[in-house]
Amino acid sequence: MEFISSRHFPDDVQGDMILANSIGFLGMKQHQVMEDGTGYKTKHRQDLISSTDKNFRPVEMEFAPDGSLYMVDWHNVLIGHMQHNARDPLRDHVHGRIYRITYPSGPLVEPAKIDGASIEVLLDNLKLPEYRSRYRSRRELRSRDTDEVLEKLQTWVSNLDTEDENYEHHRLEALWVTWGLNKIDKNLLEYLLKSKDHRVRAASVRVLRYMGHQLENSQELLKTAAADTHGRVRLEAITAASWLPKENGLEILEVAGKHPLDRWMEDSFKFAETRLTGNFLDTAEEENLITTLEGEDLEVFAQGKKIYETEGYCITCHQESGTGLQQAGYPTLVNQQWVTGDEERLIKLALHGLYGPMDVMGNHYEGQVPMMPFKGLLNDEEVAAVLTYVRNAFGNKASVIKPESVKKIREATKDRNDFYTPDELLEEHPMK
Ligand code: HEC
């Protein structure tokens with residue numbers, strides 16, 4: 001991801017977010033970013049780039065010193081989360097491209113002087129509209145003599161125009177410079193924590209989170225931030241609290257908890273509380289198990305739900321609702337034969353994975369995205385539980401899968417080292 005921050009591009013797209021996509025949609029999407037209370041909302045503006053080349057893999061982009069946008073196409077047939085062997089011969093070590101994107105009717109930006117520039121010039125670079133130029137200047141300042149930079153920074157800050165609409169921003173840049181030198185300017189930090197601009201206050205709390213140990217009153221400052229009028233500032237305080245020793249952290253959460261927690265804050269608050277109290281089990285909510293199963297079967301179902309919902313297991317692709325993500329190539333598990341039909345077919349695909357074109361409920365999947373094998377991750381009992389879960393959750397209703405059945409199929413297919421293709425499975429076990 002990168003934010004558009006370059007005078008070479010039109011004014012109205014400044015601050016837009018661009019996002020490289022190498023699965024499903026192959027290209028770069030551009031979204032407008034807007035404030036939305038504690039967080040942000042986005043609105044699709046355009047597909048900046050898209051390709052019909054199936055191996056097009058835009059993976060990284062960055063604005064250059066002249067304001068143009070560089071983009072890297074990794075051009076590789078294999079993608080994923082290490083489903084493929086590191087030595088797979090299909091891994092392409094030869095191809096790849098770097099593109100440069102310009103806005104032909106606008107002039108380029110004159111590159112900021114950074115390498116070899118004086119400290120004064122580097123500090124003035126912090127006023128530039130281009131984020132990347134400011135970022136590179138801050139990095140350069142970190143490599144210069146600390147005392148000299150700090151001294152010149154004082155002068156630079158005191159000479160700033162207080163009427164400048166970016167005055168607060170420039171002072172925040174100055175605070176970041178002192179952070180980069182590992183010598184926080186405490187006065188500046190305290191000023192900025194009281195800034196009129198909530199973005200500056202939130203950014204200052206972030207600095208406090210990392211550098212609070214250099215301040216004697218950081219606890220008090222965080223408590224004030226935890227009661228801020230703006231949600232984003234309170235969210236930063238909650239996050240900072242999660243890193244503190246128990247007593248200190250809980251004290252800050254208590255303050256934050258007296259204010260409304262919106263959807264941006266709830267999870268962070270819960271996480272901070274759990275982390276500080278160590279009560280991982282107490283915070284687990286009563287599971288709402290919706291199914292027709294009963295007794296022992298219900299217990300297996302509950303175990304299966306836990307596995308299904310573990311990050312990186314089924315939920316990550318097929319989603320909590322079981323409905324998958326059609327655009328990303330993850331099919332639905334709701335009310336269809338692959339799940340509720342033939343047991344052996346289902347066990348086989350869960351053990352060995354699935355890779356290749358298929359149709360599910362009228363949707364065609366190109367099969368460019370593989371489902372990884374679970375044979376190495378789950379034992380027989382666990383495979384049986386998670387499959388019992390998917391067969392009886394989301395409104396599905398089908399027989400319970402027994403660990404013995406999984407064991408039998410694991411044994412019968414133990415020499416298999418490859419994904420199943422949907423066609424292969426359908427040949428072995430046709431749909432009824
Ligand atoms: C990395 C993402 C991913 C994970 C994790 C994953 N799947 Fe899949 N799953 C897929 C994809 C992609 C397909 C379709 C493969 C194809 O198109 O050939 C699929 C297909 C299926 C199918 C057959 C088609 C259908 O919609 O019924 C079932 C059943 C299934 N998965 C169940 C599971 C279960 C159970 C788990 C957890 C144990 C799981 N999957 C974990 C990505 C995933």
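Residues take their numbers from the sequence shown, with the count starting at 1. Atom set for the values below is all heavy atoms of this structure, side chains included, hydrogens, waters and symmetry mates excluded. Whatever order the structure lists ligands and atoms in, that order sets their numbers, starting from 1.
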message = Please determine whether a side-chain nitrogen of the Lys or Arg among Lys407 and Glu404 lies less than 4.0 Å from a carboxylate oxygen of the Asp or Glu.
response = no

query = When you measure from the centre of the six-membered ring of Phe394, is the NZ or CZ of Arg391 under 6.0 Å away and within 45° of the axis?
reply =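 Ring-cation test returns no.
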
key: Distance under 6.0 Å and angle within 45° of ring axis: Arg345 vs Trp338   =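 Yes, Arg345 sits over the ring of Trp338.
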
message = In terms of relative ring orientation, are Phe374 and Tyr313 parallel, tilted or perpendicular, with 30° and 60° separating the classes?
response = tilted

task = Look at the rings of Tyr389 and Tyr308 and say which category their plane angle falls in: under 30° parallel, 30 to 60° tilted, over 60° perpendicular.
result = tilted

key: Flag for Asp185-Thr178: side-chain donor and acceptor within less than 3.5 Å   = no

Does ligand 1 have any N/O atom under 3.5 Å from a protein N/O, and what are those pairs and their distances?
residue  : atom   : partner : partner atom : Å
ligand 1 : 7 (N)  : His318  : NE2          : 2.9
ligand 1 : 9 (N)  : His318  : NE2          : 2.9
ligand 1 : 17 (O) : Gly356  : O            : 3.2
ligand 1 : 18 (O) : Gly356  : N            : 3.1
ligand 1 : 18 (O) : Gly356  : O            : 2.6
ligand 1 : 26 (O) : Thr332  : O            : 2.6
ligand 1 : 26 (O) : Gln336  : NE2          : 3.1
ligand 1 : 27 (O) : Gln336  : NE2          : 2.6
ligand 1 : 31 (N) : His318  : NE2          : 2.9
ligand 1 : 40 (N) : His318  : NE2          : 2.9

